[in-house]
Trainee: 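Got a structure here, written out as structure tokens. Questions coming.
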Protein chains: 4
Amino acid sequence: MPKAIDQKDKQLKKQHILDSAEAVLRRQGLNKLSISAVAKEARLAQGTLYLYFKEKEEIIAQLTVRSRKRLLQLFHDSINAADNPLEQIRNILYASHTFFKENKIFHDLVSFYEVNAEQEEPQELQQASQNISALVVSVLDRAKTQGLIRSNLNATEFTYMIWGMSNGMVQLVDLRGKMLEKDLNKSPDEVYTSFVDFVIEGMKPTNPA
Amino acid sequence: MPKAIDQKDKQLKKQHILDSAEAVLRRQGLNKLSISAVAKEARLAQGTLYLYFKEKEEIIAQLTVRSRKRLLQLFHDSINAADNPLEQIRNILYASHTFFKENKIFHDLVSFYEVNAEQEEPQELQQASQNISALVVSVLDRAKTQGLIRSNLNATEFTYMIWGMSNGMVQLVDLRGKMLEKDLNKSPDEVYTSFVDFVIEGMKPTNPA
Amino acid sequence: MPKAIDQKDKQLKKQHILDSAEAVLRRQGLNKLSISAVAKEARLAQGTLYLYFKEKEEIIAQLTVRSRKRLLQLFHDSINAADNPLEQIRNILYASHTFFKENKIFHDLVSFYEVNAEQEEPQELQQASQNISALVVSVLDRAKTQGLIRSNLNATEFTYMIWGMSNGMVQLVDLRGKMLEKDLNKSPDEVYTSFVDFVIEGMKPTNPA
Amino acid sequence: MPKAIDQKDKQLKKQHILDSAEAVLRRQGLNKLSISAVAKEARLAQGTLYLYFKEKEEIIAQLTVRSRKRLLQLFHDSINAADNPLEQIRNILYASHTFFKENKIFHDLVSFYEVNAEQEEPQELQQASQNISALVVSVLDRAKTQGLIRSNLNATEFTYMIWGMSNGMVQLVDLRGKMLEKDLNKSPDEVYTSFVDFVIEGMKPTNPA
DNA sequence: TATGAATGAGCGTTCATTCAT
DNA sequence: CATGAATGAACGCTCATTCAT
């Protein structure tokens with residue numbers, strides 16, 4: 001099966017280029033993510049990159065997909081690390097923060113598609129996002145079944161809310177870390193923990209009057 | 001005092017250039033925000049811009065400052081439009097959303113600072129942010145005094161949380177509007193309202209057992 | 001004689017590559033006639049083409065030779081289709097036009113040699129051209145012998161003139177077709193017919209005074 | 001009138017760049033007519049060229065217009081150099097040849113617009129071509145009025161024919177000069193003269209029977 | 001203070017050609 | 001013989017910045 005081996009080689013090379021692109025991205029940011037920088041990082045000629053990717057934007061797209069897939073894996077791990085659905089949600093929220101701290105730069109990529117309206121989000125990226133979403137919804141449904149959270153809480157809607165709120169929070173605590181220390185005498189992690197507590201508490205059923 | 005007058009003239013010219021830059025930004029987006037485009041919009045020579053701003057990035061920085069100041073004003077208005085501190089918070093949250101919808105393009109500028117780590121956030125921008133923050137803290141303090149929110153809620157910390165969560169939510173509902181419609185059959189505004197309700201409810205004191 | 005067979009194989013492969021190149025040329029034009037496109041069309045690796053042709057320009061040269069040979073064949077047919085030498089000339093002139101209409105794209109190749117002065121016209125191309133020339137000369141000689149054209153008309157020279165004038169005319173009527181329609185209300189074919197009539201009439205002996 | 005002076009300066013610079021482009025074109029041909037080559041020839045930075053021309057193709061367009069205008073001037077001179085309309089036509093035909101010998105390379109530019117179907121011929125070029133055409137038509141009309149040429153000869157149509165035939169001939173005698181010498185023992189100029197004689201004779205009224 | 005012509009490095013992309021296998 | 005991955009120079013074009021006036 002020589003064909004299969006070649007395909008594998010090609011995939012490995014693609015991964016090597018993506019690794020190089022990711023290294024440049026982390027080191028220099030999206031604005032400096034040029035083909036020439038990636039080629040130099042990968043120790044390849046510029047033209048070679050075009051044997052593996054049709055255009056620069058395909059590289060960027062693949063980077064976002066990689067990132068999203070890693071996050072999905074983290075969410076899976078978060079769920080496996082606990083039995084109680086509420087604890088699973090808590091783990092997921094913490095995982096978001098952990099992930100963001102290590103992958104802050106990837107948020108630029110996601111917003112890349114927002115800024116460039118003419119650019120379609122790659123299908124794979126949408127799929128990965130939906131997988132993440134479905135995963136969280138399922139946890140919320142289980143929590144509701146077990147009476148751990150309010151019954152009038154719409155699982156799908158709240159999934160979006162968790163996604164939005166945590167995204168905002170991880171950006172905030174990271175970006176304003178110094179300010180937090182000064183104003184609050186709390187670390188970013190502590191503030192994020194307060195946020196998680198707030199969300200989890202808010203989900204629980206209210207005491208019957 | 002001709003010096004003072006000159007200074008004023010200089011400020012006016014700076015504002016004129018910033019107005020032009022903002023017009024270009026809104027019309028063409030960050031990618032097309034070139035010095036030549038701004039100069040043409042301002043009916044000035046390109047070189048002239050460099051008499052007022054050291055470099056292009058300084059213009060961008062000033063644009064974000066302006067944006068932040070406008071948001072501060074909106075928050076002031078939100079507070080003035082209600083007496084009840086909780087309603088004031090609610091208004092502030094809605095104002096964030098409104099502001100984002102009308103100034104979405106400025107978020108590109110903010111991420112600009114995240115990407116260019118070497119670029120310091122201008123002092124003025126930090127000051128504006130702190131003013132906003134102080135304003136919200138004062139509202140929360142009043143709410144606590146009046147017993148409208150839980151007493152163990154740290155006003156400063158919760159101000160940061162409001163800031164972070166709402167930022168995340170406005171981005172989400174705006175950018176994923178179509179997805180919300182499809183998955184939830186709810187409009188972005190409706191989902192945002194759910195978020196606001198969640199936050200407001202979460203602040204209230206729990207019923208005594 | 002395995003050697004001879006190999007040679008034949010090699011020739012077949014060359015023809016296959018030239019067929020592919022011609023297909024690309026007709027479909028995409030000279031600008032898109034890249035080695036990679038030809039290789040893909042021929043279902044061969046790019047490097048393989050270099051086993052049969054020293055460089056891209058050699059492929060182009062061979063294409064022009066093919067084209068010229070086809071034209072020669074058309075001229076043969078034109079002559080066979082009539083007995084009267086004058087009618088044979090007329091047929092040849094029409095054949096030039098027909099050929100041009102169907103092979104317009106090849107004229108780009110010819111001008112290729114004009115532009116690249118360092119590039120020698122291949123010997124084979126010159127030979128094909130001379131064959132065409134000799135053929136027309138023989139027809140003109142016969143016409144002269146039969147008293148159908150002026151006796152002071154130099155057959156070789158007039159062959160060149162026919163060649164030059166008709167080449168110019170086919171280019172003109174084809175490329176300026178729309179202009180002809182507008183200015184003259186005549187189709188390209190009609191104008192070309194006028195040209196042919198002019199040439200044929202001009203060849204005939206003048207009436208004796 | 002400082003504005004007028006500036007405009008004149010700009011025009012001079014444009015002409016300088018066009019001169020440089022023409023020099024490159026004559027020396028290296030259309031394929032090598034790159035922006036970098038023109039910039040080097042003009043002793044300017046590449047970017048500077050874009051202050052005067054929107055894109056490379058605008059430079060090419062202007063070159064063709066220049067060339068066509070020169071030809072128009074040559075035709076005017078040809079007409080002024082003789083009184084008899086037939087001699088004027090003869091002069092025009094000779095002028096075409098003279099012009100072609102010195103401007104052979106410009107034929108590539110004209111065909112540039114033919115090959116790149118998506119490229120529109122610049123309006124100015126069309127205008128110049130029409131001026132040339134109108135000029136020749138007027139000479140032919142005068143010749144007809146004076147009974148110097150056949151009355152059934154359509155002036156407009158024959159103008160196209162002159163244009164087409166002579167274009168073809170000048171290309172031929174130039175390109176096949178050596179062959180002419182060898183086969184005919186005639187120089188290109190002599191063959192072209194035969195062509196001109198043939199055309200002029202063919203225009204004259206036939207002897208009444 | 002104001003100009004705007006000029007710069008030149010940088011961009012993404014293409015493609016003829018080479019060469020280790 | 002045949003491959004096809006790799007090269008690297010070249011392309012047209014953009015734009016932040018400088019500087020002589």
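Chain A is the first sequence line, chain B the second, and so forth, proteins listed ahead of strands; every chain is numbered from 1.
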Trainee: Give the minimum heavy-atom separation between D/Leu25 and D/Leu33, together with the two atoms involved.
Mentor: N-CD1, 4.1 Å
Trainee: Between F/dA2, E/dG12, F/dT17, which nucleotide gets closest to the side-chain atoms of A/Lys56?
Mentor: E/dG12
Trainee: May I ask you to test the A/Leu30-A/Ile105 pair for a side-chain heavy-atom distance under 4.5 Å?
Mentor: no
Trainee: B/Lys40 NZ to F/dA16 P: how many Å, rounded?
Mentor: 14 Å
Trainee: When you match A/Ser36 and B/Leu49 each to their closest nucleotide on DNA chain E, which lands nearer the 5' end?
Mentor: B/Leu49
Trainee: How many Å lie between CD1 on A/Ile17 and P on F/dA5, as a whole number?
Mentor: 12 Å
Trainee: Give B/Phe53 one of three labels, base, sugar-phosphate or nothing, depending on what nucleic acid heavy atoms sit under 4.0 Å from its own.
Mentor: nothing
Trainee: Under 4.0 Å, counting only non-hydrogen atoms across every strand here, what does B/Thr48 touch: a base, just sugar-phosphate, or nothing?
Mentor: base
Trainee: Determine which nucleotide pairs with E/dT13, using a 3.5 Å limit on both distances of a Watson-Crick or G-U wobble pair.
Mentor: F/dA10
Trainee: Can a side chain N or O of D/Tyr52 be found less than 4.0 Å away from OP1 or OP2 on E/dA5?
Mentor: no
Trainee: Is the NZ or CZ atom of C/Lys14 both under 6.0 Å from the centre of the six-membered ring of C/Phe53 and within 45° of that ring's axis?
Mentor: yes
Trainee: Find which nucleotide of DNA chain F each of A/Leu51 and D/Gly47 is nearest to by heavy atoms, and output the residue with the more 5' nucleotide.
Mentor: A/Leu51
Trainee: Roughly, in whole Å, what's the span from CZ in D/Arg43 to C1' in E/dA6?
Mentor: 16 Å
Trainee: Taking atom C1' of F/dT3 as reference, at what distance in whole Å does atom CG of A/Asp9 sit?
Mentor: 14 Å
Trainee: With a 3.5 Å limit on both atom pairs, tell me what E/dT21 is paired to, counting Watson-Crick and G-U wobble, or say none.
Mentor: F/dA2
Trainee: Take A/Leu33 and C/Leu33, find for each the nucleotide of DNA chain E with the closest heavy atom, and name the residue whose nucleotide sits nearer the 5' end.
Mentor: A/Leu33
Trainee: Quick one: B/Glu57 CD to F/dC15 P, roughly how many Å, whole number?
Mentor: 16 Å
Trainee: Is it the case that the base of F/dC13 and the side chain of D/Glu55 share a donor-acceptor contact (distance under 3.5 Å, atom types as modelled)?
Mentor: no
Trainee: Quick check: do C/Ile59 and C/Tyr52 have side-chain heavy atoms less than 4.5 Å from each other?
Mentor: no
Trainee: If I take atom OH in residue A/Tyr50 and atom C1' in nucleotide F/dT7, what distance separates them, rounded to the nearest angstrom?
Mentor: 15 Å
Trainee: If you only use heavy atoms from C-beta on, which nucleotide in F/dT14, E/dC15, F/dA5 is closest to the side chain of C/Ser34?
Mentor: E/dC15
Trainee: Which part of the nucleic acid, if any, lies within contact of D/Ile35, taking any heavy atom under 4.0 Å across all strands shown: a base, the sugar-phosphate backbone alone, or nothing?
Mentor: sugar-phosphate
Trainee: Would you mind reading off the distance between D/Gln28 atom CD and F/dA10 atom P, rounded to a whole angstrom?
Mentor: 12 Å
Trainee: Let me know the distance between CG of B/Leu12 and P of E/dA2, rounded to the nearest Å.
Mentor: 12 Å
Trainee: Look at all strands and tell whether B/Lys13 reaches a base, only sugar-phosphate, or nothing, counting heavy atoms closer than 4.0 Å.
Mentor: sugar-phosphate
Trainee: Quick one: on DNA chain F, does A/Leu44 or D/Lys54 contact a more 5' nucleotide (nearest heavy atom)?
Mentor: A/Leu44
Trainee: Is the shortest side-chain heavy-atom distance between A/Glu22 and A/Phe106 below 4.5 Å?
Mentor: yes
Trainee: Does A/Arg66 form a salt bridge (Lys or Arg N to Asp or Glu O under 4.0 Å) with A/Asp19? I'd like the steps, not just the answer.
Mentor: CA-CA 10 Å; A/Arg66 271 165 71 132; A/Asp19 290 342; 2.6 Å; yes
